[in-house]
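To start, the structure itself, in structure tokens.
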Amino acid sequence: TGLLNHRAFTAALERAVERSLATTSYVALLSVDLDHFKRVNYTYGFRDGDDVIVRFATLLESAAVEAACTGRTAGDEFELFVPGLT
């Protein structure tokens with residue numbers, strides 16, 4: 001997907017939260033879970049399921065502001081955070 005995995009995303013988020021506490025800024029966090037995604041895999045196959053995941057990751061990345069950090073934290077779960085908000 002080109003997004004950070006769970007471990008890398010969590011580490012980046014922890015660093016952003018530490019910076020926000022030191023500077024009294026905020027971090028916004030968005031979590032997205034694709035409901036019933038297993039149905040896509042079972043109905044259309046894993047290749048099409050992977051295509052949906054990649055397309056959603058691309059959409060999420062393109063919709064995010066430049067400062068945002070995006071990650072795929074589980075099979076059908078994505079997260080995005082924006083640091084440095086006032």
Side-chain angles (χ1 to χ4, degrees):
T1 63
L3 303 181
L4 296 178
N5 64 20
H6 184 273
R7 181 176 288 144
F9 182 84
T10 301
L13 178 59
E14 287 174 354
R15 288 190 303 273
V17 169
E18 289 171 4
R19 281 192 304 271
S20 75
L21 293 172
T23 62
T24 64
S25 62
Y26 296 93
V27 176
L29 175 66
L30 170 71
S31 294
V32 179
D33 182 359
L34 302 180
D35 286 341
H36 311 292
F37 180 72
K38 287 182 182 180
R39 290 183 187 172
V40 173
N41 283 332
Y42 296 144
T43 303
Y44 301 102
F46 289 99
R47 182 175 292 174
D48 286 343
D50 288 348
D51 188 45
V52 169
I53 292 292
V54 170
R55 287 176 186 230
F56 183 77
T58 301
L59 177 65
L60 183 64
E61 188 91 318
S62 69
V65 296
E66 189 172 319
C69 179
T70 54
R72 180 177 176 202
T73 54
D76 62 351
E77 296 175 13
F78 299 83
E79 296 197 37
L80 174 147
F81 72 82
V82 180
L85 300 175
T86 57

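Index from 1, following the sequence.
With hydrogens and angles ignored, the 3.5 Å screen pairs a side-chain donor or acceptor of Ser62 with a backbone N or O of Leu59.
Between Asp48 atom CG and Ile53 atom CD1 the span is 12.0 Å, to the nearest 0.5 Å. If you take CD on Glu79 and CG on Asp33, they are separated by 10.0 Å, rounding to the nearest 0.5 Å.
Hydrophobic cluster membership differs between Leu29 and Leu60, with clusters built from Ile, Leu, Val, Met, Phe, Trp and Tyr side chains linked at under 4.5 angstrom. In terms of hydrophobic clustering, with Ile, Leu, Val, Met, Phe, Trp and Tyr side chains grouped at heavy-atom distances under 4.5 Å, Leu4 and Val32 are assigned to different clusters. Tracing side-chain contacts under 4.5 Å through hydrophobic residues (I, L, V, M, F, W, Y), one never reaches Val40 starting from Phe46; they form parts of separate clusters. Note on Phe56 and Tyr42: separate hydrophobic clusters, where clusters join Ile, Leu, Val, Met, Phe, Trp and Tyr whose side-chain heavy atoms are under 4.5 Å apart, directly or indirectly. Connection of Leu30 to Phe81 is not established within any shared hydrophobic cluster, with ILVMFWY side chains joined at heavy-atom distances below 4.5 Å, either directly or through further cluster members.
Asn41 approaches Gly49 most closely through the heavy-atom pair OD1-CA, 3.2 Å. Scanning all heavy atoms of the two residues, the minimum distance from Ala16 to Val27 falls at O-CG2, 3.7 Å. Closest approach of Phe9 to Cys69, counting heavy atoms only: CE1-O, 3.5 Å.
Checked against side chain to side chain donor-acceptor pair (under 3.5 Å), Arg55 has the following partners two or more places apart in sequence or in another chain: Asp51.
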